[in-house]
Amino acid sequence: MKNLNRTGKLKKVDGVDIFCIVILGIFSLIILIPFINVVMISITSQKDYLNSTFIVIPRSPTLQSFKRLFEDGRLWSGYRTTLTLVAVGMPMNVFLTYCMAYGLSRKGYPGKKLIFTLVLITMIFQGGIVPLYLVMRSLNLTNTLWSVILAYGVNTFYMILVKNYIESLPESLIESAHLDGAGEWTILFRIILPLSKPILATIVLFYSVDRWNEWYNSMIFLRKQEMFPLQLVLRNIVINSEMAGNITSSSAATQGSQFTMGLKMAAVIMTMLPIMCVYPFLQKHFVKGIMVGAVKE
């Protein structure tokens, strides 16, 4: 067997290449099979699921689980709330993270080591949910989306990635800008930011996923169901379906439990689908950003 190398010439495929292909193929199947099983369970009939919990190809496909999700009005309000959290919270997170990372990456910044140490401590020790709730209540933000948005500011790990990436850029660029009279904000937004597309795409994806999966702070601070985000709505739909199955007869409860499993898998797919649609567009920058930001040169 032959393939093309970097110079465009054919080279022989040796035993090591074949071994690597086989190993990667096996790992790919290990990753794909559970995902395929989730999709198949979400569209399988109750009878097929009773016969086997592991389904690759359903005999009688049905979309009843998805129909039940879409018929519930709470699903659309959940999407609206989650999209609001992503649209408002993610840019705020990226802005704060990038500004802090830029400040801590500058040489001669007063108190740089102390501030960076205090930030690192938050990765191990945190104030807890009770002090945070008391702060939100004192600001009259409970039962509003702002309590969920402001409860999550800067992720320390993401900030370290950005800081390492900025420090990997040539220092001569910043020195030249200073000689030309540029201020820190000008340097940040007109020099550093355009050169930071890989790490920017990385933290945008990270924060978007975090905001998309938001449910814990919403469960603590929100009381109105029409304000619940998607994750909390799907959780309530599944719990309500399970409770409805438990109060019926034994045979109906068995069918209801299988329907609940299909509902759970449908909820998983509805949660993953938007992120899976966005990730391919960020993958090129994501891989480069995570590698450069994780290793300080």
Side-chain angles (χ1 to χ4, degrees), residues 4-8 83-126 146 149-214 274-297:
L4 293 175
N5 57 18
R6 292 183 179 180
T7 60
L83 290 174
T84 302
L85 293 177
V86 173
V88 179
M90 184 271 292
M92 182 195 72
N93 297 140
V94 173
F95 176 77
L96 294 176
T97 301
Y98 218 91
C99 290
M100 174 171 280
Y102 175 74
L104 294 178
S105 67
R106 295 301 87 221
K107 295 180 179 179
Y109 186 87
K112 170 183 173 180
K113 293 184 177 180
L114 176 62
I115 296 174
F116 187 65
T117 302
L118 294 176
V119 172
L120 286 179
I121 291 175
T122 62
M123 296 183 69
I124 305 174
F125 303 102
Q126 298 182 5
W146 285 110
I149 293 173
L150 298 177
Y152 187 48
V154 175
N155 185 290
T156 305
F157 175 69
Y158 304 163
M159 189 274 295
I160 294 174
L161 290 179
V162 179
K163 174 178 175 294
N164 290 342
Y165 185 92
I166 295 176
E167 290 178 344
S168 69
L169 298 176
E171 186 68 24
S172 57
L173 292 174
I174 299 176
E175 294 176 355
S176 299
H178 278 305
L179 292 176
D180 292 336
E184 296 297 341
W185 289 106
T186 302
I187 295 173
L188 175 61
F189 289 108
R190 302 190 63 179
I191 298 178
I192 301 299
L193 196 60
L195 297 174
S196 304
K197 290 182 180 179
I199 194 64
L200 188 62
T202 302
I203 63 172
V204 164
L205 180 63
F206 281 167
Y207 277 125
S208 297
V209 173
D210 290 345
R211 289 296 188 172
W212 185 264
N213 293 329
E214 170 64 50
I275 298 299
M276 292 176 62
C277 293
V278 173
Y279 178 75
F281 298 99
L282 300 176
Q283 182 181 10
K284 178 178 67 175
H285 300 295
F286 174 79
V287 175
K288 181 179 178 181
I290 195 66
M291 291 299 295
V292 177
V295 181
K296 182 178 179 181
E297 296 183 355

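Just so it is clear, the values below take in all heavy atoms, side chains as well, and ignore hydrogens, waters and symmetry mates. In this text the structure is predicted, and so the values were computed from the model without any measurement.
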| said: Quiz question: by atom type and distance under 3.5 Å, do the side chains of Y165 and T202 form a donor-acceptor pair? | reply: no
Can you tell me how far [atom2] of [Y] sits from [atom1] of [X], rounded to the nearest 0.5 angstrom?
X    : Y    : atom1 : atom2 : result
I203 : M90  : CD1   : CE    : 9.5 Å
L150 : M92  : CG    : CE    : 5.5 Å
R106 : E184 : CZ    : CD    : 7.5 Å
L169 : I191 : CG    : CD1   : 10.5 Å
I115 : L120 : CD1   : CG    : 12.0 Å
S105 : F116 : OG    : CZ    : 10.5 Å

Looking only at non-hydrogen atoms, find the nearest pair between [X] and [Y] and report the distance.
X    : Y    : value
I187 : A177 : CG1-CB, 3.8 Å
L104 : K163 : O-CE, 3.4 Å
V162 : A101 : CG1-CB, 3.5 Å
P198 : L195 : CD-O, 4.2 Å

| request: Verify side-chain contact (heavy atoms from CB on, under 4.5 Å) between Y98 and I199, making sure each step is shown before the conclusion. | output: CA-CA 10 Å; Y98 218 91; I199 194 64; 4.3 Å; yes
Donor-acceptor check, side chain of [X] to backbone of [Y], threshold 3.5 angstrom: yes or no?
X    : Y    : answer
N93  : V154 : no
R211 : I149 : yes
T122 : V119 : yes
N155 : F157 : yes

| request: Fit a plane to each ring of F95 and F189, take the angle between them on a 0 to 90° scale, and name the class: parallel (under 30°), tilted (30 to 60°) or perpendicular (over 60°). | output: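 The rings of F95 and F189 lie parallel, inter-plane angle below 30°.
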| task | Please assess D210 against Y158 for the test side-chain contact (heavy atoms from CB on, under 4.5 Å), listing each intermediate value before the final yes or no. | result | CA-CA 12 Å; D210 290 345; Y158 304 163; 2.9 Å; yes
